[in-house]
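Reading through the structure tokens given below for one structure.
Just so it is clear, the structure is predicted and the values come from calculations on it, not from any experiment.
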Amino acid sequence: MSAFVNTDPKDFHGVWVFCEQRGGELMTTDFELLSEGRKLADDLGVELCGLLLGDNVEPLARQLGGYGADRVYVCQHPLLKDYTTDAYSKVVCDIVMEKKPEIVLIGATNIGRDLGPRCAARLHTGLTADCTHLDVDVAKYKEFLKTTSTLDVEGMKWDMEDKGLKMTRPAFGGHLMATIICPRFRPQMSTVRPGVMKCAPYDEAKAAACKVELCPVELGEQDLRTRVTEVVKQAKAAVALSGAEVVVSVGFGISKDVKPGLELAEQLAAALGGVVGSSRACVDAGWISADHQVGQTGKTVRPRIYIALGISGAIQHKAGMQDSECIIAVNTNADAPIFEVADYGICGDLFQVVPLMLEELGVK
């Protein structure tokens, strides 16, 4: 660590994505981050690299190229078969100190949220957690601010030569959005929420052109303080919001009669073959569990149909669903912000509108 100097940005090049695998299977978060990393690498004019750790995982590497990776560094060792903080953080930090990437992206999964901070501390650099937006190009960042903030973007002073990573994440419980930079140290690191970044289509030609580089791993039992003796998987009923084709979400508009309001949403979701989501207001009120929450402090969804029932459309909620293919909003307030992103808007009481929708769908 003493030989690693991370205060001269000119020594660091390339965008890296830590590609998580579990049981020899790549996570969808890897593909989302590589797709986003490809944009950043193109803006910087540098190489996009995947970093893949595990045991006998080399056959997975070229698949990462199909989502944008120019090169994949593969670190294989029997002690990397199952994730442990000590093993993975040592190997990741060793190769980062050797290769010196300027940007490292990690998925904000259970593993990523454990690994990212440990590596950032060892590398003596910053880490922005749970990012929902990334930019290196100032012009693109300004366009992002124009559509997501109330700032006087044109009246602000900008350093147009700045190519540092601008990492945007919710702050103060999701009531504000903060953009964080790391100007003094490298690499610039961030964890990114699953489902936030749009995944590019798989390209077989890019997969074939991807360079796979096996890296030596220096790792022994003396480096580990814990050992995985058994992995027990427990089935857990979860709300599959991220992959749903139809999401019916409820907001504070159900407050006058919560239980019937939720029942209407469940009936409509069932009739359309979808799932029930919610705004943060419903979760905070204790009406529905947090795994239903859509928004910057919940899950990001891109369903074919998104129905917002009694949701006003705060910027935090819109950021989690505005990329849906078709948005249908029902709200008694004709000026509700949700109508700004809706393809179809119904100004009315959801307790009157939803039964009519169910009737049209043949639900009694």
Partner of D323 by salt bridge (Lys or Arg N to Asp or Glu O under 4.0 Å), out of R304, R302, K318: R302
Check ion pair [X]-[Y] (N to O, under 4.0 angstrom):
X: E213; Y: R71; result: yes
X: K146; Y: E143; result: yes
X: E221; Y: R227; result: yes
X: K39; Y: D135; result: no
X: R38; Y: D42; result: yes
X: R186; Y: D11; result: no

Do the side chains of [X] and [Y] join up, straight or via other hydrophobic residues, at under 4.5 Å, putting them in one cluster?
X: V217; Y: L224; answer: yes
X: L272; Y: Y344; answer: yes
X: L51; Y: M189; answer: yes
X: L262; Y: F252; answer: yes
X: L53; Y: L79; answer: yes

Test side-chain contact (heavy atoms from CB on, under 4.5 Å) applied to V283 and Q293, step by step: CA-CA 7 Å; V283 174; Q293 185 177 332; 3.7 Å; yes
Between [X] (side chain) and [Y] (backbone), is there a donor-acceptor pair under 3.5 Å?
X: Q76; Y: V57; result: yes
X: K206; Y: L64; result: no
X: R62; Y: V212; result: no
X: Q188; Y: E102; result: yes
X: D30; Y: M27; result: yes
X: H77; Y: L219; result: yes
X: D70; Y: L48; result: yes

Nearest atoms (heavy-atom pairs only) where [X] meets [Y]:
X: I106; Y: G116; answer: CD1-CA, 3.8 Å
X: C131; Y: S190; answer: SG-CB, 3.6 Å
X: L127; Y: P117; answer: CD2-N, 3.5 Å
X: Y73; Y: C215; answer: CD2-SG, 3.6 Å
X: G320; Y: V294; answer: O-CG1, 3.7 Å
X: S249; Y: I311; answer: CB-CD1, 3.6 Å

Check: [Y] and [X] side chains under 4.5 Å, non-hydrogen atoms:
X: F4; Y: K100; answer: yes
X: C199; Y: S35; answer: yes
X: V138; Y: K166; answer: yes
X: W16; Y: V96; answer: yes
X: V17; Y: V104; answer: no
X: T85; Y: R225; answer: no
X: D291; Y: L241; answer: no
X: V192; Y: E36; answer: no

Any residue meeting side chain to side chain contact (heavy atoms under 4.5 Å, CB included) with I305, in chain and number order, not counting sequence neighbours: V246, I307, I328
Distance (rounded to the nearest 0.5 Å) between [X] [atom1] and [Y] [atom2]:
X: L33; Y: M197; atom1: CG; atom2: CE; answer: 7.5 Å
X: K99; Y: D94; atom1: NZ; atom2: CG; answer: 12.5 Å
X: I288; Y: S279; atom1: CD1; atom2: OG; answer: 9.0 Å
X: M167; Y: T128; atom1: CE; atom2: OG1; answer: 3.5 Å
X: F12; Y: F185; atom1: CZ; atom2: CZ; answer: 11.0 Å
X: L350; Y: T332; atom1: CG; atom2: OG1; answer: 8.5 Å

Ignoring hydrogens and angles, state whether a donor on the side chain of [X] or [Y] is under 3.5 Å from an acceptor on the partner side chain.
X: N6; Y: T125; value: no
X: T84; Y: D86; value: no
X: Y88; Y: D114; value: no

Atom CG of N110: over 12 foreign heavy atoms under 6.0 Å: no
Y202 atom OH, over 12 foreign heavy atoms within 6.0 Å: yes
Residues that D130 engages under side chain to side chain donor-acceptor pair (under 3.5 Å), provided they are two or more places apart: R113
For P303, the option from V247, I327, V248, V275 that meets side chain to side chain contact (heavy atoms under 4.5 Å, CB included): V247
From CA spacing to verdict: side chain to side chain donor-acceptor pair (under 3.5 Å), T168, T179: CA-CA 4 Å; T168 303; T179 297; 2.9 Å; yes
Residue pairs passing the salt bridge (charged side-chain N to carboxylate O under 4.0 Å, His left out) test where at least one lies in residues 249-270, sequence neighbours excluded: K256-D349
Test log, rule side-chain contact (heavy atoms from CB on, under 4.5 Å), inputs I111 and R22: CA-CA 10 Å; I111 285 177; R22 299 188 188 183; 3.6 Å; yes
Full working for side-chain contact (heavy atoms from CB on, under 4.5 Å) between W287 and V250: CA-CA 10 Å; W287 301 335; V250 292; over 6 Å; no
Derivation and outcome, side-chain contact (heavy atoms from CB on, under 4.5 Å), residues E154 and K142: CA-CA 8 Å; E154 296 301 333; K142 289 172 68 175; 4.1 Å; yes
Criterion side chain to side chain donor-acceptor pair (under 3.5 Å) on T109 and E20, from CA distance to verdict: CA-CA 9 Å; T109 61; E20 182 181 333; 2.6 Å; yes
Parallel, tilted or perpendicular, as decided by the 30° and 60° cut-offs, for the rings of F144 and H133: parallel
